[in-house]
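Below: the structure, in structure tokens.
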Protein chains: 2
Amino acid sequence: MKEDYVIELFRKNGYKITPQRQEILKAFTGNHDNHPLSAEEVHQKIIESYPNIGIDTIYRNLIVFLNLGIINKLNFREGKSRYELNSGKHHHHLVCLKCGITEEIDYCPFKTLDWEKIEEEKKFEIKKHSFELFGYCELCREKKH
Amino acid sequence: MKEDYVIELFRKNGYKITPQRQEILKAFTGNHDNHPLSAEEVHQKIIESYPNIGIDTIYRNLIVFLNLGIINKLNFREGKSRYELNSGKHHHHLVCLKCGITEEIDYCPFKTLDWEKIEEEKKFEIKKHSFELFGYCELCREKKH
DNA sequence: CTACTTGCAAATAATTTGCATGCGA
DNA sequence: TCGCATGCAAATTATTTGCAAGTAG
């Protein structure tokens, strides 16, 4: 998801290219390991270079970014949401129960075959799924007890 | 998970058997389809027969119940958590994106084989996982658009 | 010019905490 | 009796909304 492409997306959908939106985009594209960010973290990142942006602008634009498919919304049951750039390739996460660090895994356990079977049996139209693995990362494992 | 067994669990772990705890337990065991309940819903259920219980008592005891493994905590990204009686048999949920209704499915896509591979590759000790399918239930499907 | 955006402040909603009182073992 | 539990009230945290002023196109 390149920046130019996103700018184009904004244009096509009638959204204005405001400096705030560009900053938010940069917060994600500049986040090289694509570690999922909370709204608060996005805000903190931007404040360094653009001090006047409000947290509410972050929230409002995260919704816009979501609707355009620029980012994904994730929930690691911390009482808040996290967001990551939509890389296009489907993946899930490992989440450390102690330090909260997350790591992408390419592995996805859900197959179209299962999908169809469940849809038919349960009369339920499946649109998306989420799969998270919780445990202890290498570092926390040692000090777990 | 029978009530007597839970009472015994409380005893063994040094928790007192208060009427509030018994009410909370009943809220779950009496919830026959095991539809996951929010803290607020548990509170509402109990208030009918035990009007003086505080929502904070619910919250504090949900944590106790969780620690004892009596209930599971679920998150369907509604901005709040839900809880269900721990039936002992592992399962996941279908969640309707429109009306929010949930349905249990026995299906679990995650196999020990995958587990071990990921643990080794990522040096991550997996303790639990969650898997949710989001989509539209039969009723909402028709009026979706 | 003007509809879309923003910042501010205040509102909401879920959950947590401090504290004095209460009650189960 | 004694320490865990509870109810109340207030605090916290995440998120949302109303509104007047600002700005991109």
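These numbers come from the heavy atoms of this one structure, side chains and all, not from hydrogens, waters or symmetry mates. Just so it is clear: chains get the letters A, B, ... in the order the sequence lines come, proteins before strands, and each one is counted from 1.
A salt bridge is defined here as a Lys NZ or Arg NE, NH1 or NH2 lying under 4.0 Å from an Asp or Glu carboxylate O, and Glu78(A) with Arg82(A) meets this definition.
Per the geometry, CG belonging to Leu37(B) stands 16 Å off C1' belonging to dA14(C), to the nearest Å. For the pair Glu23(A) CD and dT6(C) C1', the interatomic distance rounds to 14 Å; values are reported in whole Å. Here the P atom of nucleotide dG25(D) and the NZ atom of Lys12(A) are 16 Å apart, to the nearest Å. One can place CD of Gln22(A) at 11 Å from P of dT6(C), the figure rounded to the nearest angstrom. Atom-to-atom, CZ of Phe76(B) to C1' of dA14(C) comes out at 17 Å; the value is rounded to the nearest Å. Ile58(B) has its CD1 atom 17 Å from the C1' atom of dA13(C), to the nearest Å. To the nearest angstrom, C1' of dG7(C) lies 13 Å from CD1 of Ile24(A).
Note on ring orientation: taking the six-membered ring where Trp is involved, the planes of Phe76(B) and His93(B) are perpendicular (angle over 60°, cut-offs 30° and 60°). Ring planes of Phe65(A) and Phe28(A): tilted class, angle from 30 to 60°.
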Side chain to side chain donor-acceptor pair (under 3.5 Å) between Asn72(A) and Tyr83(A), intermediate numbers included: CA-CA 5 Å; Asn72(A) 300 322; Tyr83(A) 305 82; over 6 Å; no
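Atom NZ of Lys98(A) and atom CZ of Arg141(A) lie 13.5 Å apart (nearest 0.5 Å).
The same ILVMFWY cluster, assembled from side-chain heavy atoms under 4.5 Å apart, contains both Ile17(A) and Val6(A).
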Summary of protein contacts for nucleotides 3-17 of chain D, nucleotide by nucleotide, where a base hit scores B, a sugar-phosphate-only hit scores S (4.0 Å, heavy atoms): BBSBBB-----SBBB
